[in-house]
Amino acid sequence: MSRIKRGTTTRAKHNRILEQAKGYYGRRKNTIRIARQAVEKAGQYAYRDRKVKKRNFRALWIQRINAAVRAEGLTYSQFMHGVKLAGIELDRKVMADLAMNEGAVFASIIEQAKKVLSDVEGPKAA
């Protein structure tokens, strides 16, 4: 039976890891054992932070909407309730962009939400 040498396979695996570790500091970029640990940890951080990024952006959009809405005399939760009742189906990303860049359009959305909220509150008070 012939002998199987696996040097090429191992070298290819090592090169793939070292390529991913390119730019790291110290032995993390050129020592296979340490580079593998660094690359694995980097992958864990990347996986986790893809989810964290979504959270952070949603929080940013909410802050922007809240700031724009408070200038018009509503709170964020009141505004979102009014938007739902008015049947406006814009997500927070689009609304935050409108609040930042298209103030007049966003003001009209706020007015629609206020109108619906006043209509809902009117019969309860009577």
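This chain uses plain numbering: 1 for the first residue, then up along the sequence.
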* To do: Check the pair Phe79 / Leu117 against side chain to side chain contact (heavy atoms under 4.5 Å, CB included), numbers first and verdict last.
  => CA-CA 9 Å; Phe79 171 71; Leu117 285 173; over 6 Å; no
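- The two residues Gly82 and Ala113 have their closest heavy-atom pair at C-CB, 3.9 Å.
- Ionic pairing of Lys115 and Asp119 is present here: one or more N-O contacts between side-chain nitrogen and carboxylate oxygen are shorter than 4.0 angstrom.
- Taking the centre and axis of the six-membered ring of Tyr45, the NZ or CZ atom of Lys41 falls inside the cone set by 45° and 6.0 Å.
- Shortest non-hydrogen contact noted between Val116 and Ala86 is CG2-CB, 3.6 Å.
- What you find for Val39 and Gln20 is that their closest heavy atoms are CG1-OE1, 3.4 Å.
- Looking at Lys114, its side chain does come within 3.5 Å of a backbone N or O of Glu72 through a donor-acceptor pair.
- Taking hydrophobic clusters as Ile, Leu, Val, Met, Phe, Trp and Tyr residues chained together by side-chain heavy-atom distances below 4.5 Å, Tyr76 shares a cluster with Ile110.
- Linking ILVMFWY side-chain heavy atoms closer than 4.5 Å, directly or via other members, places Leu90 and Ile62 in a single hydrophobic cluster.
- Remark: the backbone N or O of Gln78 is paired with a side-chain donor or acceptor of Thr75 at under 3.5 angstrom.
- Hydrophobic clustering (side-chain heavy atoms under 4.5 Å, transitive across Ile, Leu, Val, Met, Phe, Trp, Tyr) keeps Leu98 apart from Phe57.
- Separating the NZ atom in Lys29 from the CD1 atom in Ile34 is a distance of 11.0 Å, to the nearest 0.5 Å.
- Counting heavy atoms from C-beta on, the side chains of Trp61 and Met95 never come closer than 4.5 Å.
- A donor-acceptor pair shorter than 3.5 Å cannot be found between the side chains of Glu111 and Ser108.
- In this structure, Met80 and Arg92 have side chains that are in contact, with non-hydrogen atoms separated by less than 4.5 Å.
- Placement of Met100 and Val69 in two distinct hydrophobic clusters is found when ILVMFWY residues are connected by side-chain heavy-atom separations under 4.5 Å, directly or transitively.
- His14 places a side-chain heavy atom less than 4.5 Å from the side chain of Arg36.
- Shortest non-hydrogen contact noted between Ala21 and Arg28 is CB-O, 3.5 Å.
- Cation-pi contact between Lys22 and Tyr24: absent, since separation from the ring centre below 6.0 Å together with deviation from the ring axis within 45° is not met.
- Using a distance-only test at 3.5 Å, with no hydrogens or angles considered, a donor-acceptor pair links the side chain of Asp91 to the main chain of Val94.
- Taking CG from Asp49 and CZ from Arg55, the interatomic distance works out to 9.0 Å, rounded to the nearest 0.5 Å.
- Annotation: the span from Asn66 atom CG to Arg64 atom CZ amounts to 13.0 Å, rounded to 0.5 Å.
- Between the CZ atom of Arg11 and the CZ atom of Arg6 there is a distance of 14.5 Å, given to the nearest 0.5 Å.
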